[in-house]
Amino acid sequence: MVGMIASKRVTRAPAPWLAALGCALLMASPACAQQRSAPRAQTPEQRAQMLQQHLGLAGALDPANLAKPRPKPPFDMTGTWFIDLSGGFSKFMFGPPYPEFFEEGKKALAEGKAARAAGHNYRDSIGQCYPAGMPMIMTRVWPITFVQLPTVVYMVAGFTNSFRSIYLDGRKPTDPDLYVPTYNGESIGKWEGDTLVVTTRGFETDHHWIDIGIPVSDEFQIVERIRMINQGNTLEIEYIMTDPKMWKGEWRSTKRWDRVLEGDIGEVECTEARNADLPGTDRGQEALDAHAK
Amino acid sequence: MRTPNDERQRTVNKRNLGFITGAVLALAAVPAGAHHSFAMFDQARPLTLTGTVTQFQWTNPHSFIELDVLTKSGGTEHWSIELNSPNNLTRQGWKRTSIKRGDKVTVTISPLRDGKKGGLFSRIVLADGHVLNGERGADGKAINVPTTN
């Protein structure tokens, strides 16, 4: 350690504040160098201030939570999966058919149609590095990985490595006055016979669209009914989406994912710098305009 | 070898049209699953460009080529071309080292509908004559790319 010398031993260390003050005034002192480089103890209070935790609720990876006796689940969805597009690329959309949209949804459909007719993007937020969010993150043309534990199913999407967790440990959704809006929402799952029923709420609404730019509100809720079929080789998820501020009743869509054996997800990041070289993105269009000048 | 690019070739690929009508025309825009919408590219009217690679990046979600194309007046035009993901490209025979800055190449793209100098990669002829496909395999079928207009 820099500055260590065989100085006379101090039987009792000065109070930290006094030592710091002394060193601020006598900066060249080797004893101060030693004092600066000595690790500071962190009190439990200081650690608690830095650490994100939910006191009173066991974490999904708390060993005691994992070890609690629970019925054996009907299936294990641990694996790498890829959206089934055998019916064509339209299958990664959630409509048509669409529910009856209220004003904002109707406007989005009309504006989207006009943009497309003019050869323009419309609400292409995913391309501009906004998170796809649920449900769209489920149907990007990249593999997704699920890791299932007794207390939680973790999902990491291949596309932009988006993360979601589906809690299975019986916890309640976060208090409505406390939840933090997120693009993938907060998912709580429970087993019903051969089906995992997942309810997701608490969505971020900024630049968060479904399909071609249908907006969602803070009342958006997704129920996923997840089954494993085809001898464990296919996941089938029925989507039941409601948003009383945006459309009437339920918006339903069923999709499938096939297991991938010879593949793994890797890093896929959307960055502003990379977008500058992609002519199909808004940033790329700006770069082309700049070049043309 | 650099050749004057005094006339761009525009050919309607009849095979592509057949695929398009059979696919998802009825839908509104189909955002590309990979990253962003491909509605801005005219996939029915390929354009061929000859020029020099100024940059090539092998990356997710899209690789890209920046190309300097010689114009009739002797100047250069700068073109941005986006490709598929490296994983898709390797299945077409690409390597990270397949092209590099300074290479003279001929590239076929689906150009931007708005007329700006950019496009979606379709195929490339390298200086040594080797051909590499991208969004479409040698059989003309799209790979990982929606083909709506």
Side-chain angles (χ1 to χ4, degrees), chain A residues 83 85 87-93 95-96 108-109 112-113 115-129 132 136 139-143 158-161 209 211-213 263 266-271 273-282 284-285 287-292, chain B residues 19 22-42 54-57 59-68 76-88 109-121 142-149:
Chain A
I83 182 74
L85 295 174
F89 275 102
S90 60
K91 289 304 172 191
F92 62 17
M93 306 288 272
L109 279 180
K113 193 174 171 189
R116 240 167 344 273
H120 295 144
N121 281 337
Y122 179 69
R123 290 187 169 170
D124 189 35
S125 300
I126 299 174
Q128 317 323 312
C129 303
M136 303 303 283
T139 61
R140 305 298 82 200
V141 190
W142 294 86
F159 183 62
T160 67
N161 304 145
W209 319 113
D211 283 5
I212 48 161
E267 178 182 287
V268 177
E269 297 283 11
C270 185
T271 69
R274 287 177 185 169
N275 270 4
D277 292 292
L278 299 182
T281 67
D282 294 350
Q285 288 277 302
L288 290 176
D289 290 340
H291 255 291
Chain B
F19 189 93
V24 292
L25 260 184
L27 274 198
V30 179
H35 181 193
H36 60 88
S37 172
F38 281 2
M40 298 173 76
F41 301 114
D42 190 345
T54 56
Q55 196 182 356
F56 171 60
Q57 190 165 6
T59 190
N60 281 317
H62 291 278
S63 297
F64 63 81
I65 298 170
E66 300 286 354
L67 195 70
D68 272 350
T76 56
E77 286 178 340
H78 178 100
W79 282 76
S80 287
I81 299 161
E82 57 180 272
L83 289 80
N84 219 326
S85 71
N87 186 271
N88 293 108
I109 62 171
S110 299
L112 285 168
R113 292 176 193 277
D114 61 11
K116 292 183 189 174
K117 295 179 179 43
L120 180 65
F121 174 86
I143 298 165
N144 190 25
V145 172
T147 53
T148 54
N149 278 329

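Just so it is clear: chains get the letters A, B, ... in the order the sequence lines come, proteins before strands, and each one is counted from 1. Only heavy atoms go into these numbers, but all of them, side chains included; no hydrogens, no water, no symmetry mates.
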Strictly distance-based, threshold 3.5 Å: is any side-chain N or O of Arg274(A) a donor or acceptor partner for the main-chain N or O of Asn60(B)? yes
Of all heavy-atom pairs linking Met40(B) and Gly280(A), the shortest is SD-O, 3.4 Å
Heavy-atom pair of closest approach, residues Asp277(A) and Ser80(B): O-CB, 4.0 Å
Can you list the residues that meet the side chain to side chain donor-acceptor pair (under 3.5 Å) rule with Arg123(A), with sequence neighbours excluded? none
How long is the gap from CG on Leu83(B) to CG on Leu278(A), to the nearest 0.5 Å? 9.5 Å
Quick one: CD on Glu82(B) to OG1 on Thr281(A), what's the gap to the nearest 0.5 Å? 7.0 Å
Under 4.5 Å from any heavy atom of chain B, what part of Glu267(A) do you find: side chain, backbone, both or neither? backbone
